[in-house]
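Note that the structure is predicted; figures quoted are calculated from it, not measured.
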Amino acid sequence: MTTVPTGRSRPTIALLVVLLAFVTVPMSISGAAVALPDIGEDLHAAGASLQWVMNAYNLTFASFMLVAGSTADLVGRRRTFATGATVFAIGSLVAAVAPGIVLLDIARALSGIGAAGVFASGGAILATTFDGAARTRAFAALGSAAGLGLAAGPTLAGWLVGALGWRATFGLHAVLVVVALAGVGFVAESRAEQRPRLDVTGAVVFVAGLGLLVLGAVQGPEWGWASPGVLALLVVGVGLLVLFVVLQARSTAPVLDLTLVKNRRFLALCMVPVVSTFGFVTLLTYLPTYLVGASGFSPQRAGTVLLLMTAPVLLAPPLAGGLVNRGVSPRTLITLSLVMFAGGNAWLSVIGPSSSVAVIAGPLLTSGLGAGLSFGVGDGAAMSLVEPERAGMATGFLNTLRIGSEAIVIAVYGAVLVSLIGTRVGSQELAARVAAGDLSGSDPGVLADGFTHALHIALYGTAAVCAIGAVVIAAALAPPRRAAAAAPSVPQDAQLTTKAG
(Lines give C-alpha, C1' and ligand atoms only; values in the text may rest on other atoms or scores of the structure.)
Protein backbone atom coordinates (compact mmCIF):
# COMPACT_ATOMS: atom_id res chain seq x y z
CA MET A 1 0.00 0.00 0.00
CA THR A 2 1.26 3.48 -0.85
CA THR A 3 -0.04 6.99 -0.48
CA VAL A 4 -1.19 8.50 -3.76
CA PRO A 5 -1.30 12.34 -3.81
CA THR A 6 -3.53 13.91 -6.45
CA GLY A 7 -4.44 17.46 -7.40
CA ARG A 8 -2.47 20.68 -7.21
CA SER A 9 -0.45 21.09 -4.06
CA ARG A 10 0.60 24.32 -2.36
CA PRO A 11 2.36 23.14 0.80
CA THR A 12 2.40 26.61 2.38
CA ILE A 13 -1.32 27.10 1.85
CA ALA A 14 -1.99 23.55 3.04
CA LEU A 15 -0.09 24.32 6.23
CA LEU A 16 -2.02 27.55 6.80
CA VAL A 17 -5.35 25.80 6.22
CA VAL A 18 -4.56 23.09 8.77
CA LEU A 19 -3.13 25.57 11.28
CA LEU A 20 -6.23 27.79 11.17
CA ALA A 21 -8.46 24.80 11.78
CA PHE A 22 -6.22 23.60 14.62
CA VAL A 23 -6.50 27.01 16.27
CA THR A 24 -10.30 26.95 16.05
CA VAL A 25 -11.09 23.44 17.27
CA PRO A 26 -9.47 23.75 20.75
CA MET A 27 -10.74 27.34 20.95
CA SER A 28 -14.23 25.88 20.81
CA ILE A 29 -13.43 23.90 23.96
CA SER A 30 -11.87 26.57 26.16
CA GLY A 31 -13.92 29.46 24.78
CA ALA A 32 -17.28 27.80 25.29
CA ALA A 33 -16.52 27.34 28.99
CA VAL A 34 -16.37 31.11 29.46
CA ALA A 35 -19.75 31.56 27.76
CA LEU A 36 -21.60 29.05 29.99
CA PRO A 37 -22.90 31.54 32.60
CA ASP A 38 -24.42 33.80 29.93
CA ILE A 39 -25.81 30.80 28.04
CA GLY A 40 -27.50 29.57 31.21
CA GLU A 41 -29.02 32.97 31.94
CA ASP A 42 -30.22 33.56 28.38
CA LEU A 43 -31.65 30.07 27.79
CA HIS A 44 -32.84 29.54 31.39
CA ALA A 45 -30.67 26.45 31.74
CA ALA A 46 -28.65 25.09 34.65
CA GLY A 47 -27.04 21.92 35.92
CA ALA A 48 -26.55 18.95 33.64
CA SER A 49 -28.26 20.43 30.57
CA LEU A 50 -25.94 23.42 30.69
CA GLN A 51 -22.80 21.34 31.30
CA TRP A 52 -23.62 19.28 28.21
CA VAL A 53 -22.71 22.31 26.10
CA MET A 54 -19.15 21.22 26.96
CA ASN A 55 -19.67 17.50 27.51
CA ALA A 56 -21.46 16.83 24.21
CA TYR A 57 -18.58 18.34 22.24
CA ASN A 58 -15.89 16.46 24.16
CA LEU A 59 -17.81 13.17 24.00
CA THR A 60 -18.26 13.05 20.22
CA PHE A 61 -14.85 14.62 19.60
CA ALA A 62 -13.10 11.79 21.43
CA SER A 63 -15.37 8.97 20.26
CA PHE A 64 -15.18 9.65 16.50
CA MET A 65 -11.47 10.51 16.26
CA LEU A 66 -10.10 7.04 15.46
CA VAL A 67 -12.87 6.26 12.98
CA ALA A 68 -12.31 9.59 11.25
CA GLY A 69 -8.58 8.87 10.94
CA SER A 70 -9.09 5.44 9.41
CA THR A 71 -11.76 6.81 7.08
CA ALA A 72 -9.33 9.51 5.94
CA ASP A 73 -6.82 6.86 4.81
CA LEU A 74 -9.53 5.13 2.76
CA VAL A 75 -11.54 7.97 1.19
CA GLY A 76 -8.93 10.74 1.25
CA ARG A 77 -7.41 13.01 3.90
CA ARG A 78 -8.39 16.23 2.16
CA ARG A 79 -11.95 15.00 1.66
CA THR A 80 -12.23 13.99 5.32
CA PHE A 81 -10.77 17.32 6.44
CA ALA A 82 -13.21 19.28 4.26
CA THR A 83 -16.16 17.19 5.41
CA GLY A 84 -15.18 17.51 9.07
CA ALA A 85 -14.66 21.28 8.75
CA THR A 86 -18.06 21.64 7.05
CA VAL A 87 -19.80 19.65 9.79
CA PHE A 88 -17.99 21.69 12.44
CA ALA A 89 -19.03 24.97 10.80
CA ILE A 90 -22.68 23.85 10.49
CA GLY A 91 -22.75 22.77 14.13
CA SER A 92 -21.23 26.10 15.23
CA LEU A 93 -23.74 28.09 13.18
CA VAL A 94 -26.66 26.12 14.63
CA ALA A 95 -25.23 26.69 18.11
CA ALA A 96 -25.04 30.42 17.40
CA VAL A 97 -28.76 30.63 16.62
CA ALA A 98 -30.11 27.86 18.89
CA PRO A 99 -33.32 29.02 20.64
CA GLY A 100 -33.04 26.45 23.44
CA ILE A 101 -30.53 24.42 25.39
CA VAL A 102 -31.49 21.05 23.84
CA LEU A 103 -30.76 22.19 20.28
CA LEU A 104 -27.57 23.87 21.49
CA ASP A 105 -26.38 20.61 23.06
CA ILE A 106 -27.17 18.71 19.85
CA ALA A 107 -25.32 21.31 17.79
CA ARG A 108 -22.29 20.99 20.03
CA ALA A 109 -22.31 17.22 19.61
CA LEU A 110 -22.37 17.74 15.83
CA SER A 111 -19.46 20.17 16.09
CA GLY A 112 -17.52 17.53 18.03
CA ILE A 113 -17.95 15.01 15.21
CA GLY A 114 -16.69 17.59 12.73
CA ALA A 115 -13.76 18.45 15.00
CA ALA A 116 -12.76 14.78 15.03
CA GLY A 117 -12.60 14.78 11.23
CA VAL A 118 -10.48 17.94 11.22
CA PHE A 119 -8.01 16.78 13.85
CA ALA A 120 -7.64 13.22 12.55
CA SER A 121 -7.01 14.25 8.95
CA GLY A 122 -5.15 17.53 9.58
CA GLY A 123 -2.10 15.86 11.09
CA ALA A 124 -2.18 13.21 8.36
CA ILE A 125 -2.19 15.94 5.68
CA LEU A 126 0.95 17.48 7.14
CA ALA A 127 2.60 14.07 7.53
CA THR A 128 2.09 13.31 3.82
CA THR A 129 2.82 16.85 2.58
CA PHE A 130 6.11 17.45 4.39
CA ASP A 131 9.16 15.36 5.14
CA GLY A 132 12.40 15.63 7.13
CA ALA A 133 13.17 19.00 8.73
CA ALA A 134 10.15 20.60 7.03
CA ARG A 135 7.88 18.07 8.72
CA THR A 136 9.41 18.87 12.10
CA ARG A 137 8.80 22.58 11.56
CA ALA A 138 5.23 21.93 10.37
CA PHE A 139 4.35 19.88 13.44
CA ALA A 140 6.00 22.46 15.70
CA ALA A 141 3.75 25.08 14.13
CA LEU A 142 0.82 22.73 14.63
CA GLY A 143 1.63 22.53 18.34
CA SER A 144 1.74 26.33 18.56
CA ALA A 145 -1.58 26.59 16.74
CA ALA A 146 -3.33 24.17 19.09
CA GLY A 147 -1.78 25.94 22.07
CA LEU A 148 -2.88 29.32 20.72
CA GLY A 149 -6.47 28.15 20.35
CA LEU A 150 -6.53 26.66 23.84
CA ALA A 151 -4.91 29.74 25.41
CA ALA A 152 -6.69 32.46 23.44
CA GLY A 153 -10.12 30.82 23.62
CA PRO A 154 -11.10 32.10 27.10
CA THR A 155 -9.78 35.64 26.50
CA LEU A 156 -11.37 36.03 23.08
CA ALA A 157 -14.63 34.46 24.20
CA GLY A 158 -14.75 36.71 27.25
CA TRP A 159 -14.40 39.78 25.05
CA LEU A 160 -17.03 38.56 22.57
CA VAL A 161 -19.51 37.61 25.29
CA GLY A 162 -19.14 41.02 26.91
CA ALA A 163 -19.37 42.98 23.65
CA LEU A 164 -21.71 40.97 21.42
CA GLY A 165 -23.17 38.13 23.52
CA TRP A 166 -22.41 34.42 23.78
CA ARG A 167 -23.76 33.60 20.31
CA ALA A 168 -20.91 35.54 18.73
CA THR A 169 -18.44 33.04 20.18
CA PHE A 170 -19.86 30.14 18.17
CA GLY A 171 -20.33 32.40 15.14
CA LEU A 172 -16.62 33.23 15.19
CA HIS A 173 -15.70 29.53 15.26
CA ALA A 174 -17.84 28.95 12.18
CA VAL A 175 -16.30 31.90 10.31
CA LEU A 176 -12.72 30.81 11.02
CA VAL A 177 -13.33 27.29 9.75
CA VAL A 178 -15.11 28.58 6.63
CA VAL A 179 -12.01 30.68 5.89
CA ALA A 180 -9.91 27.52 6.25
CA LEU A 181 -12.26 25.70 3.87
CA ALA A 182 -11.62 28.35 1.23
CA GLY A 183 -8.05 27.08 0.90
CA VAL A 184 -8.80 23.36 0.79
CA GLY A 185 -8.55 23.35 -3.01
CA PHE A 186 -4.80 23.95 -2.68
CA VAL A 187 -4.32 20.84 -0.51
CA ALA A 188 -3.28 17.73 -2.42
CA GLU A 189 -5.51 14.72 -1.90
CA SER A 190 -3.85 11.58 -0.57
CA ARG A 191 -5.17 8.17 0.34
CA ALA A 192 -4.08 4.57 0.53
CA GLU A 193 -3.77 3.03 -2.94
CA GLN A 194 -5.69 -0.05 -1.82
CA ARG A 195 -9.00 0.94 -0.25
CA PRO A 196 -10.79 -1.98 1.39
CA ARG A 197 -14.26 -1.50 2.79
CA LEU A 198 -14.35 0.20 6.18
CA ASP A 199 -14.87 -2.15 9.12
CA VAL A 200 -18.29 -0.72 10.03
CA THR A 201 -18.84 -3.18 12.87
CA GLY A 202 -15.51 -2.31 14.45
CA ALA A 203 -16.21 1.42 14.02
CA VAL A 204 -19.62 1.20 15.69
CA VAL A 205 -18.28 -0.91 18.57
CA PHE A 206 -15.40 1.51 19.16
CA VAL A 207 -17.55 4.65 19.07
CA ALA A 208 -20.07 3.06 21.42
CA GLY A 209 -17.44 1.72 23.80
CA LEU A 210 -15.39 4.90 24.12
CA GLY A 211 -18.55 7.01 24.18
CA LEU A 212 -19.98 5.04 27.12
CA LEU A 213 -16.64 5.13 28.95
CA VAL A 214 -16.33 8.91 28.58
CA LEU A 215 -20.00 9.35 29.46
CA GLY A 216 -19.50 7.35 32.64
CA ALA A 217 -16.52 9.50 33.61
CA VAL A 218 -18.40 12.72 32.87
CA GLN A 219 -21.48 11.67 34.84
CA GLY A 220 -19.50 10.13 37.72
CA PRO A 221 -19.23 13.35 39.77
CA GLU A 222 -22.94 14.11 39.32
CA TRP A 223 -24.51 10.66 39.74
CA GLY A 224 -21.91 9.26 42.12
CA TRP A 225 -19.10 6.91 41.11
CA ALA A 226 -20.74 3.97 42.88
CA SER A 227 -24.18 4.57 41.37
CA PRO A 228 -25.62 1.76 39.22
CA GLY A 229 -25.85 4.03 36.19
CA VAL A 230 -22.19 5.07 36.24
CA LEU A 231 -20.96 1.56 36.98
CA ALA A 232 -23.04 0.19 34.10
CA LEU A 233 -21.65 2.80 31.70
CA LEU A 234 -18.06 2.11 32.72
CA VAL A 235 -18.36 -1.69 32.67
CA VAL A 236 -20.18 -1.83 29.32
CA GLY A 237 -17.80 0.75 27.84
CA VAL A 238 -14.71 -1.25 28.84
CA GLY A 239 -16.37 -4.47 27.64
CA LEU A 240 -17.06 -2.99 24.20
CA LEU A 241 -13.48 -1.73 23.90
CA VAL A 242 -12.19 -5.23 24.71
CA LEU A 243 -14.55 -6.60 22.06
CA PHE A 244 -13.20 -3.98 19.64
CA VAL A 245 -9.64 -5.24 20.15
CA VAL A 246 -10.77 -8.82 19.47
CA LEU A 247 -12.59 -7.74 16.30
CA GLN A 248 -9.57 -5.78 15.04
CA ALA A 249 -7.30 -8.78 15.49
CA ARG A 250 -9.59 -10.75 13.16
CA SER A 251 -10.43 -8.00 10.65
CA THR A 252 -8.82 -7.85 7.20
CA ALA A 253 -9.36 -4.06 7.10
CA PRO A 254 -9.27 -2.95 10.73
CA VAL A 255 -10.20 0.51 11.99
CA LEU A 256 -7.06 0.22 14.14
CA ASP A 257 -4.17 -1.88 12.89
CA LEU A 258 -2.92 -3.47 16.12
CA THR A 259 0.65 -3.49 14.79
CA LEU A 260 0.64 0.26 15.51
CA VAL A 261 -0.02 -0.39 19.17
CA LYS A 262 2.66 -3.10 19.24
CA ASN A 263 5.25 -0.51 18.21
CA ARG A 264 6.42 0.47 21.70
CA ARG A 265 7.92 3.79 20.63
CA PHE A 266 4.80 4.88 18.76
CA LEU A 267 2.64 3.85 21.71
CA ALA A 268 4.94 5.72 24.10
CA LEU A 269 4.62 8.88 22.01
CA CYS A 270 0.84 8.48 22.03
CA MET A 271 0.97 8.42 25.84
CA VAL A 272 2.72 11.81 25.97
CA PRO A 273 -0.52 13.82 25.56
CA VAL A 274 -2.13 11.64 28.23
CA VAL A 275 0.56 12.62 30.73
CA SER A 276 0.24 16.21 29.50
CA THR A 277 -3.41 16.12 30.46
CA PHE A 278 -2.43 15.38 34.05
CA GLY A 279 0.42 17.90 34.15
CA PHE A 280 -1.06 20.80 32.16
CA VAL A 281 -4.73 20.56 31.17
CA THR A 282 -5.91 19.93 34.74
CA LEU A 283 -4.19 23.16 35.83
CA LEU A 284 -5.67 25.05 32.91
CA THR A 285 -9.11 23.82 33.96
CA TYR A 286 -9.12 24.12 37.76
CA LEU A 287 -6.49 26.73 38.69
CA PRO A 288 -8.62 29.70 37.52
CA THR A 289 -11.42 28.47 39.79
CA TYR A 290 -9.06 28.39 42.76
CA LEU A 291 -7.66 31.84 42.01
CA VAL A 292 -11.14 33.36 41.77
CA GLY A 293 -12.72 31.45 44.65
CA ALA A 294 -9.96 31.02 47.24
CA SER A 295 -7.59 33.85 46.34
CA GLY A 296 -10.27 36.43 45.54
CA PHE A 297 -8.93 37.29 42.07
CA SER A 298 -11.27 38.80 39.50
CA PRO A 299 -11.89 36.59 36.44
CA GLN A 300 -9.90 39.07 34.35
CA ARG A 301 -6.91 38.96 36.72
CA ALA A 302 -7.05 35.17 36.92
CA GLY A 303 -6.98 35.00 33.12
CA THR A 304 -4.00 37.34 33.03
CA VAL A 305 -2.11 35.25 35.60
CA LEU A 306 -2.80 32.16 33.53
CA LEU A 307 -0.79 33.73 30.68
CA LEU A 308 2.30 32.76 32.68
CA MET A 309 1.41 29.16 31.85
CA THR A 310 -0.12 29.56 28.39
CA ALA A 311 2.35 31.99 26.79
CA PRO A 312 5.21 29.41 26.75
CA VAL A 313 2.89 27.02 24.91
CA LEU A 314 2.83 29.47 22.03
CA LEU A 315 6.54 30.25 22.01
CA ALA A 316 8.25 26.95 22.85
CA PRO A 317 7.11 24.61 19.99
CA PRO A 318 9.09 26.44 17.27
CA LEU A 319 12.11 26.45 19.59
CA ALA A 320 11.71 22.72 20.21
CA GLY A 321 11.35 22.05 16.48
CA GLY A 322 14.52 24.02 15.80
CA LEU A 323 16.41 22.04 18.42
CA VAL A 324 15.30 18.75 16.84
CA ASN A 325 16.49 19.93 13.42
CA ARG A 326 19.85 20.81 15.02
CA GLY A 327 20.31 17.29 16.37
CA VAL A 328 18.62 17.32 19.77
CA SER A 329 16.57 14.13 20.01
CA PRO A 330 12.79 14.24 20.45
CA ARG A 331 13.22 11.71 23.25
CA THR A 332 15.34 14.18 25.23
CA LEU A 333 12.86 17.04 24.78
CA ILE A 334 9.84 14.90 25.58
CA THR A 335 11.44 13.48 28.72
CA LEU A 336 12.43 16.99 29.82
CA SER A 337 8.86 18.12 29.17
CA LEU A 338 7.36 15.46 31.41
CA VAL A 339 9.93 16.12 34.15
CA MET A 340 8.97 19.81 34.01
CA PHE A 341 5.30 18.84 34.44
CA ALA A 342 6.23 16.88 37.55
CA GLY A 343 8.37 19.67 38.94
CA GLY A 344 5.89 22.40 38.08
CA ASN A 345 2.96 20.65 39.74
CA ALA A 346 4.93 19.80 42.88
CA TRP A 347 6.31 23.33 43.06
CA LEU A 348 2.83 24.83 42.70
CA SER A 349 1.96 23.32 46.09
CA VAL A 350 3.34 26.57 47.56
CA ILE A 351 0.07 28.21 46.51
CA GLY A 352 -2.29 29.48 49.17
CA PRO A 353 -5.21 31.92 49.42
CA SER A 354 -2.87 34.84 50.10
CA SER A 355 -0.08 33.85 47.71
CA SER A 356 1.23 36.60 45.46
CA VAL A 357 1.61 36.17 41.72
CA ALA A 358 5.39 36.16 42.18
CA VAL A 359 5.14 33.04 44.35
CA ILE A 360 3.33 30.99 41.70
CA ALA A 361 5.00 32.47 38.61
CA GLY A 362 7.87 29.97 38.66
CA PRO A 363 5.77 26.79 38.73
CA LEU A 364 3.34 28.16 36.13
CA LEU A 365 6.16 29.04 33.73
CA THR A 366 7.73 25.61 34.32
CA SER A 367 4.53 23.74 33.49
CA GLY A 368 3.83 25.95 30.47
CA LEU A 369 7.32 25.48 29.09
CA GLY A 370 6.97 21.73 29.59
CA ALA A 371 3.79 21.75 27.52
CA GLY A 372 5.40 23.85 24.81
CA LEU A 373 8.38 21.51 24.47
CA SER A 374 6.22 18.45 23.82
CA PHE A 375 3.41 20.03 21.75
CA GLY A 376 4.11 19.33 18.10
CA VAL A 377 7.45 17.56 18.62
CA GLY A 378 5.76 14.49 20.09
CA ASP A 379 3.21 14.32 17.28
CA GLY A 380 5.86 14.78 14.61
CA ALA A 381 8.04 12.05 16.14
CA ALA A 382 5.06 9.70 16.30
CA MET A 383 4.18 10.25 12.65
CA SER A 384 7.82 9.63 11.62
CA LEU A 385 7.38 6.04 12.84
CA VAL A 386 4.32 5.39 10.65
CA GLU A 387 4.03 4.55 6.97
CA PRO A 388 2.23 7.28 4.97
CA GLU A 389 -0.68 4.99 4.07
CA ARG A 390 -1.57 4.70 7.78
CA ALA A 391 -1.08 8.39 8.61
CA GLY A 392 -4.78 9.04 9.18
CA MET A 393 -5.23 5.99 11.38
CA ALA A 394 -2.14 6.89 13.41
CA THR A 395 -3.21 10.51 13.85
CA GLY A 396 -6.70 9.39 14.81
CA PHE A 397 -5.37 7.01 17.47
CA LEU A 398 -2.98 9.64 18.85
CA ASN A 399 -5.72 12.26 19.15
CA THR A 400 -8.21 9.74 20.52
CA LEU A 401 -5.89 9.24 23.49
CA ARG A 402 -5.38 13.01 23.75
CA ILE A 403 -9.04 14.06 23.75
CA GLY A 404 -10.37 10.96 25.51
CA SER A 405 -7.87 11.36 28.34
CA GLU A 406 -8.81 15.03 28.72
CA ALA A 407 -12.49 14.23 29.13
CA ILE A 408 -11.87 11.39 31.59
CA VAL A 409 -8.99 12.89 33.60
CA ILE A 410 -10.68 16.26 34.04
CA ALA A 411 -13.84 14.57 35.34
CA VAL A 412 -11.89 12.34 37.73
CA TYR A 413 -9.66 15.22 38.88
CA GLY A 414 -12.73 17.30 39.71
CA ALA A 415 -14.32 14.42 41.61
CA VAL A 416 -11.11 13.94 43.63
CA LEU A 417 -11.06 17.63 44.51
CA VAL A 418 -14.67 17.52 45.69
CA SER A 419 -14.02 14.41 47.76
CA LEU A 420 -10.92 15.89 49.40
CA ILE A 421 -12.64 19.20 50.10
CA GLY A 422 -15.55 17.28 51.60
CA THR A 423 -13.28 15.71 54.22
CA ARG A 424 -12.50 19.23 55.46
CA VAL A 425 -15.88 20.97 55.18
CA GLY A 426 -18.06 18.01 56.18
CA SER A 427 -20.49 18.15 53.26
CA GLN A 428 -20.13 16.88 49.72
CA GLU A 429 -22.75 19.35 48.49
CA LEU A 430 -20.81 22.25 50.01
CA ALA A 431 -17.57 20.76 48.68
CA ALA A 432 -18.98 20.76 45.14
CA ARG A 433 -19.80 24.45 45.49
CA VAL A 434 -16.31 25.22 46.79
CA ALA A 435 -14.67 23.27 43.93
CA ALA A 436 -16.74 25.38 41.52
CA GLY A 437 -15.32 28.54 43.11
CA ASP A 438 -18.27 29.46 45.35
CA LEU A 439 -16.83 30.08 48.82
CA SER A 440 -19.70 32.16 50.13
CA GLY A 441 -20.74 30.94 53.55
CA SER A 442 -20.38 31.48 57.25
CA ASP A 443 -16.62 30.92 57.26
CA PRO A 444 -14.95 31.54 53.86
CA GLY A 445 -11.50 31.12 55.46
CA VAL A 446 -12.24 27.53 56.44
CA LEU A 447 -13.60 26.81 52.96
CA ALA A 448 -10.50 28.34 51.35
CA ASP A 449 -8.25 26.20 53.58
CA GLY A 450 -10.19 23.10 52.57
CA PHE A 451 -9.84 23.98 48.88
CA THR A 452 -6.10 24.61 49.34
CA HIS A 453 -5.58 21.31 51.16
CA ALA A 454 -7.37 19.41 48.39
CA LEU A 455 -5.47 21.21 45.63
CA HIS A 456 -2.11 20.47 47.26
CA ILE A 457 -2.85 16.74 47.44
CA ALA A 458 -4.07 16.74 43.84
CA LEU A 459 -0.92 18.58 42.73
CA TYR A 460 1.34 16.04 44.43
CA GLY A 461 -0.68 13.24 42.81
CA THR A 462 -0.34 14.69 39.30
CA ALA A 463 3.37 15.33 39.91
CA ALA A 464 3.81 11.64 40.76
CA VAL A 465 1.92 10.56 37.63
CA CYS A 466 4.09 12.83 35.47
CA ALA A 467 7.32 11.62 37.09
CA ILE A 468 6.39 7.98 36.56
CA GLY A 469 5.28 8.79 33.02
CA ALA A 470 8.63 10.46 32.29
CA VAL A 471 10.57 7.37 33.37
CA VAL A 472 8.35 4.88 31.53
CA ILE A 473 8.11 6.88 28.30
CA ALA A 474 11.86 7.63 28.24
CA ALA A 475 12.59 3.93 28.61
CA ALA A 476 10.09 2.99 25.89
CA LEU A 477 11.57 5.53 23.47
CA ALA A 478 15.04 4.05 23.74
CA PRO A 479 16.08 2.50 20.40
CA PRO A 480 16.46 -1.27 20.17
CA ARG A 481 19.91 -2.47 21.22
CA ARG A 482 20.56 -4.14 17.88
CA ALA A 483 19.74 -0.91 16.05
CA ALA A 484 22.01 1.05 18.38
CA ALA A 485 24.87 -1.41 17.87
CA ALA A 486 24.43 -1.30 14.11
CA ALA A 487 24.61 2.50 14.00
CA PRO A 488 27.22 3.57 16.61
CA SER A 489 27.98 6.83 14.83
CA VAL A 490 24.38 8.05 15.18
CA PRO A 491 23.20 9.29 18.57
CA GLN A 492 20.81 6.69 19.90
CA ASP A 493 18.08 9.22 20.61
CA ALA A 494 18.23 10.56 17.06
CA GLN A 495 17.14 7.16 15.79
CA LEU A 496 13.65 7.99 17.03
CA THR A 497 13.08 9.85 13.79
CA THR A 498 13.48 6.71 11.70
CA LYS A 499 10.60 4.47 10.73
CA ALA A 500 11.92 1.41 12.48
CA GLY A 501 9.45 -0.13 14.90
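Between Phe88 and His173, the angle of the ring planes lies from 30° to 60°, which puts this pair in the tilted group. Ring pair Phe280/Phe341 is tilted by interplanar angle, where 30° to 60° counts as tilted.
Ser329 and Thr332 form a side-chain donor-acceptor contact under 3.5 Å, judged by distance and modelled atom types alone. In this structure, a donor-acceptor pair under 3.5 Å is present between the side chains of Tyr290 and Thr452.
Using modelled atom types, no side-chain atom of Ser121 and backbone atom of Ala72 make a donor-acceptor pair closer than 3.5 Å. A donor-acceptor pair under 3.5 Å is formed between the side chain of Arg264 and the backbone N or O of Ala476. Remark: side-chain polar atoms of Asn399 are not paired, donor with acceptor, to backbone N or O of Arg402 under 3.5 angstrom. The backbone N or O of Leu364 lies less than 3.5 Å from no partner atom in the side chain of Ser367, so there is not a single donor-acceptor pair. Using modelled atom types, one side-chain atom of Asn345 and one backbone atom of Gly279 make a donor-acceptor pair closer than 3.5 Å. No donor-acceptor distance shorter than 3.5 angstrom exists from the side chain of Thr366 to the backbone of Gly344, with no hydrogens or angles considered. When atom types are taken as modelled, the side chain of Arg167 and the backbone of Ala96 share a donor-acceptor pair closer than 3.5 angstrom. Remark: side-chain polar atoms of Thr80 are not paired, donor with acceptor, to backbone N or O of Arg77 under 3.5 angstrom. Listed for the Thr24 side chain is a donor-acceptor partner under 3.5 Å among the backbone atoms of Leu20. Judged purely by atom type and a 3.5 angstrom limit, Ser70 has no side-chain atom pairing as donor or acceptor with the backbone of Val67.
Note that the CG atom of Leu66 and the CG atom of Leu398 stand 11.0 Å from one another [nearest 0.5 Å]. Here the OG1 atom belonging to Thr60 is positioned 9.0 Å from the CZ atom belonging to Arg108, to the nearest 0.5 angstrom. Separating the CD1 atom in Ile113 from the OG atom in Ser63 is a distance of 9.0 Å, to the nearest 0.5 Å. Atom CG of Leu336 and atom CZ of Arg331 lie 13.0 Å apart (nearest 0.5 Å). Taken from CZ in Phe119 to CD1 in Ile403, the straight-line distance is 5.5 Å, to the nearest 0.5 Å. Atom CG of residue Leu308 and atom CG of residue Leu365 lie 5.0 Å apart, to the nearest 0.5 angstrom.
Contact check for Phe130 versus Leu15: side-chain heavy atoms found under the 4.5 Å cut-off. Between Asn55 and Trp52 there is a side-chain heavy-atom pair separated by less than 4.5 Å. Side-chain contact between Glu406 and Asn58: absent, with no pair of heavy atoms (C-beta onward) separated by less than 4.5 Å. Considering only heavy atoms from C-beta on, Thr462 stays 4.5 Å or farther from Leu283 through its side chain. Counting heavy atoms from C-beta on, the side chains of Arg135 and Leu126 never come closer than 4.5 Å. You'll find the side chain of Val377 stays beyond 4.5 Å of the side chain of Phe139, heavy atoms only. Side-chain contact between Tyr413 and Thr277 is absent, with no heavy atoms from C-beta onward closer than 4.5 Å. A heavy-atom distance below 4.5 Å is not found between the side chains of Leu348 and His456.
Scanning all heavy atoms of the two residues, the minimum distance from Trp166 to Ala95 falls at CZ3-O, 3.5 Å. The two residues Val118 and Phe22 come nearest to each other via the heavy atoms O-CE1, 3.7 Å. Minimum interatomic distance between Val17 and Ala180 (heavy atoms only, all atoms of both residues): CG1-O, 3.5 Å. Nearest heavy-atom pair across Pro312 and Leu369 is CB-N, 3.6 Å. In this structure, Leu104 and Phe170 approach most closely via the heavy-atom pair CD1-CE1, 4.3 Å. Taking each heavy atom of Ser405 and Pro273 in turn, the nearest pair found is OG-O, 4.2 Å.
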Are Ser374 and Ser276 close enough, and set up right, to give a side-chain contact (heavy atoms from CB on, under 4.5 Å), and what steps lead you there?
-> CA-CA 9 Å; Ser374 62; Ser276 299; 4.0 Å; yes
Residue pair Val416, Val412: steps toward the side-chain contact (heavy atoms from CB on, under 4.5 Å) verdict | CA-CA 6 Å; Val416 169; Val412 173; 4.3 Å; yes
Does the side-chain contact (heavy atoms from CB on, under 4.5 Å) test come out yes or no for Phe451 and Val425, once each step is laid out?
-> CA-CA 9 Å; Phe451 199 168; Val425 303; over 6 Å; no
From CA spacing to verdict: side-chain contact (heavy atoms from CB on, under 4.5 Å), Val281, Val409 | CA-CA 9 Å; Val281 179; Val409 170; over 6 Å; no
